[in-house]
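Contents: one structure, followed by commentary.
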Amino acid sequence: MDLSFVTEISSPRSRDELPAPEAGDAYLAGGTWLYSEPQPSTTRLIDLATLEWPTLTVHDDGLEVAATCTIEQLCTTTFPEEWTATILFRPCAESLVSSWKIWHTATIGGNLALALPAGAMITLCCTLDADLLLWTAGGGERRIPVVEFVTGDGRTLLDTGDLIRSIHFPATALRGRTALRKIAYSRFGRSGAVLAGRLDEVGFTLTVTASTVRPFILRFPAAPGPQSLSAALSEQISPVDYLTDAHGTADWRRHVTGVLAEEIRRELA
Ligand SMILES: Cc1cc2nc3c(=O)[nH]c(=O)nc-3n(C[C@H](O)[C@H](O)[C@H](O)COP(=O)(O)OP(=O)(O)OC[C@H]3O[C@@H](n4cnc5c(N)ncnc54)[C@H](O)[C@@H]3O)c2cc1C
C-alpha cells in the first residue's frame with residue numbers, strides 16, 4: 001500500500017546518523033504491517049535496513065538476534081546442537097497467521113514493537129527468557145526482559161524515538177526442552193491462544209500469550225502437578241486479563257488456556 005502522507009525517508013548507516021525524533025516518525029523494518037494499512041499520521045520513515053546490523057551472533061552466553069533479523073532467517077539458521085530449544089523457533093513462526101511470504105521480510109523487532117497479543121515472537125522470547133536492548137532516544141541504552149517490555153494489547157515500554165536494537169537469548173534457556181500449543185477459531189485464523197513451556201535446570205516455565213492482553217510467565221522450581229498448574233493459572237492471571245476480540249471471547253480463551261497448559265505440562269513432565 002502507498003503511504004500517501006510520507007514525505008521523507010531517512011536511511012541512516014550508523015547510530016550517529018539516526019535523525020532526531022519528530023512527530024510522524026516510524027521506524028521501517030520489514031514493513032509487513034506498516035504497508036498493510038493506511039498510516040495517516042506517518043510522515044517520515046526511518047529505514048533500519050541500512051544500519052546493516054549482523055543478523056544472528058552466537059556467543060558463549062547465548063544468541064544475539066538483531067531486531068532486523070527476519071523470521072525466515074531465524075527459522076532457517078543452524079545453531080549449536082546443545083541449543084535444543086531452538087526447535088521452538090519454527091512452531092512459533094508457524095503460529096503467526098502470516099504465510100512464509102511474510103516471514104521473508106517480517107522482523108523479530110517489528111513483531112515485538114507491534115505487541116499484538118498474537119505476536120508469536122513475543123511468545124518465543126518470553127519462553128526463552130530473552131531480554132532486549134533498547135537504544136533510547138537520548139543516546140542511552142536499556143536492557144529489558146521481553147515479558148516486561150510488552151505491557152498490553154499494542155502497548156510497550158517504547159518511548160518516542162526509542163529503537164529496539166537486539167534481542168538476547170541466554171544459553172541456559174536455549175539448552176531447555178520446549179513444547180508449544182496454539183489454537184484459533186479457524187485453521188488459518190489469528191491465534192486465540194499461544195502457550196509455550198520450557199523445562200531445564202532452573203525449572204519449569206510456562207508462557208501464556210494471545211489469550212491474554214499481555215504475556216504472562218508462570219515459573220515453577222520443577223514440573224508442577226496438574227492441580228498446582230491450574231491453581232497458578234487462576235492466581236496469576238485474573239479473568240480481566242483475558243482478551244475478547246474477533247479471534248475469541250475471554251471465557252473461551254481462559255478455558256483453552258487451561259487445556260493447552262495441561263497438555264504442555266504433560267508433554268514436558
Ligand atoms: C497477512 C498478515 C498476517 C499477519 N499476522 C500476524 C500475526 O499473526 N501476529 C502478529 O503479531 N503480527 C501479524 N502480522 C503483522 C506483522 O506482519 C508482524 O507483526 C511482523 O513481525 C512485523 O514486523 P515488520 O518487520 O514487518 O514490522 P514493520 O511493519 O516494519 O513495523 C511494525 C511496527 O513496529 C515498529 N518497529 C519496527 N521495528 C522496530 C524496532 N527495531 N524498534 C522500534 N520500533 C520498530 C514500526 O515503526 C511499526 O510501528 C501480520 C501481517 C500480515 C500482512
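Please read all numbers here as calculations on a predicted model, not as lab measurements. Remember, it's 1-based here, ligands and their atoms both numbered in the order they're listed.
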Any N or O of [X] that comes nearer than 3.5 Å to an N or O of ligand 1?
X	result
L96	no
A67	no
G30	yes
S36	no
L114	no
D162	no
S95	no

Report task. Assign the ring pair W135 / W53 to parallel, tilted or perpendicular, where the plane angle (0 to 90°) is split at 30° and 60°. Result ->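 Perpendicular: the ring planes of W135 and W53 meet at over 60°.
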
Over 60° means perpendicular and under 30° means parallel, so classify the ring planes of F79 and F89, tilted if in between.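 F89 vs F79 ring planes: perpendicular.
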
With a 4.0 Å cut-off on N to O distance, would you call [X] and [Y] a salt bridge?
X	Y	value
R198	D129	yes
E267	R181	yes
E263	R266	no

Of the listed options E37, R165, M121, R190, closest to atom 14 (N) of ligand 1 (non-hydrogen atoms):
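Of the listed residues, R190 has the closest heavy atom.
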
Query raised in the report: Given G31, A113, S166, G154, which has its nearest heavy atom closest to atom 44 (N) of ligand 1?
Result: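 Checking each option, the heavy atom nearest atom 44 (N) of ligand 1 is found in A113.
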
*Where the side chain of S191 meets the backbone of S95, is there a donor-acceptor pair that is under 3.5 Å apart?*
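It does hold such a pair.
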
Quick one: does ligand 1 sit under 4.0 Å from the side chain of [X], the backbone, both or neither, non-hydrogen atoms only?
X	value
I108	neither
A106	both
L116	side chain

Item to check | Distance-only side-chain donor-acceptor flag, T50 / S11, under 3.5 Å | outcome: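 No pair is found: no donor N or O on one side chain lies under 3.5 Å from an acceptor on the other.
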
>> Under 4.0 Å from a heavy atom of L48: which atoms of ligand 1 are those, numbered in the order shown and with their elements?
In response: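 With L48 as reference, the close atoms of ligand 1 come out as 38 (N), 39 (C), 40 (C), 41 (N).
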
Would you mind listing which atoms of ligand 1 come within a distance below 4.0 Å of any non-hydrogen atom of A118?
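Matching atoms, with element in brackets: 9 (N), 10 (C), 11 (O).
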
Should we count NE2 of H104 as having more than 12 external heavy atoms under 6.0 Å?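 Counting neighbours around NE2 of H104, 12 or fewer heavy atoms of other residues, nucleotides or ligands fall under 6.0 Å, so no.
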
